[in-house]
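This report refers to the structure that appears directly beneath it.
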Amino acid sequence: MAIESSIEWTDATWNPVRGCTKISPGCKHCYAETFAERFRGVKGHPYEHGFDPRLVPEKLAEPLRWRQPKMIFVNSMSDLFHDFVPDDYIVAVATVMATANWHTYQVLTKRSERLCSLLNSKLKFAAAQPHIWWGVSVEDKRYGIPRIADLQAANAAVRFLSVEPLLEDVGELSLRHIDWMIVGGESGAGARPMREEWVLSLRNQCRRKKVAFFFKQWGGVRKAKAGRRLEGKTYDEFPRRVHHPVMPAEDCFRAVREIESRYVTRARPLPSLLIQPSGMSV
Ligand code: SF4
């Protein structure tokens with residue numbers, strides 16, 4: 001099943017892992033859980049098992065089949081660094097990202113301790129790549145601020161903060177080695193409010209520390225109506241992107257085959273899957 005991503009700061013989503021469990025207040029109204037649970041029990045649907053955590057190895061090689069360079073949000077429907085994901089599987093995801101390097105990847109987690117430990121060990125090869133951006137969620141002071149310290153301690157080429165849903169005034173943040181900040185309010189039924197002065201404080205900190213700033217949304221029950229302008233302006237800044245040439249089709253084919261022979265027990269026919277102009281998946 002292919003879907004366009006409606007997330008403002010990305011082009012496509014890639015989910016070699018599905019499902020997750022809640023870890024902090026930012027998870028309260030998890031959109032991924034709401035979406036996945038809608039399809040629990042629907043036979044043949046990718047979310048037939050709802051939000052139950054599971055690996056999806058048949059999705060592993062997907063970016064290698066997407067010929068058009070994209071910004072890809074990795075695991076929009078899960079958390080790559082959740083305990084149930086084995087180290088070797090995370091290394092496989094990172095290997096695909098390092099190989100299909102004509103894309104830009106956005107990896108976001110709330111499990112920042114594991115992110116830090118793996119980026120400084122088994123994922124060193126991927127951490128150094130500027131087309132892979134590593135980020136942590138910062139919804140409040142108690143849970144969010146320690147995650148920033150973990151991210152800063154990881155040897156990543158590009159680091160970002162997703163300050164969303166912003167639940168309180170998080171004060172002055174340490175932005176050393178941070179390249180990008182996304183800020184947004186919660187949306188949907190029961191959305192917790194976000195105050196303008198909290199957002200302005202973060203924008204001003206980004207300005208002072210020369211951090212790219214992306215204001216995603218005010219949120220609320222009517223997200224579209226509330227919009228995403230801050231003091232009359234739209235903030236759509238990104239870190240600098242690197243552009244690598246698209247790998248020749250035969251090399252992609254070989255890479256897909258290698259990944260699938262290792263991780264997928266029942267591989268599908270490969271050549272027909274190889275060339276696709278774009279990709280969005282759940
Ligand atoms: S970590 Fe992310 S995907 Fe997992 S429950 Fe929390 S908000 Fe949802």
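Whatever order the structure lists them in is the order used to number ligands and atoms, beginning at 1.
Around atom 4 (Fe) of ligand 1, protein N, O or S atoms at a distance under 2.8 Å total 1; waters are neither shown nor counted.
For the side chain to side chain contact (heavy atoms under 4.5 Å, CB included) test, residues two or more places apart in sequence or in another chain that qualify with Thr21 are Pro53, His82, Arg111.
Here the closest non-hydrogen pair linking Trp102 and Trp66 is NE1-O, 2.9 Å.
For Tyr47 and Phe51, the gap between ring centers reaches or exceeds 6.0 Å.
By the 4.0 Å N-to-carboxylate-O rule, Glu164 lies close enough to Lys216 to be salt-bridged with it.
Hydrophobic clustering (ILVMFWY, side-chain heavy atoms < 4.5 Å, transitive): Ile23 and Val74 are in distinct clusters.
From the protein, the heavy atom lying nearest to atom 1 (S) of ligand 1 is Arg111 NH1, 3.3 Å.
In this structure, the side chain of Glu8 does not engage the main chain of Gln217 through any donor-acceptor pair within 3.5 Å.
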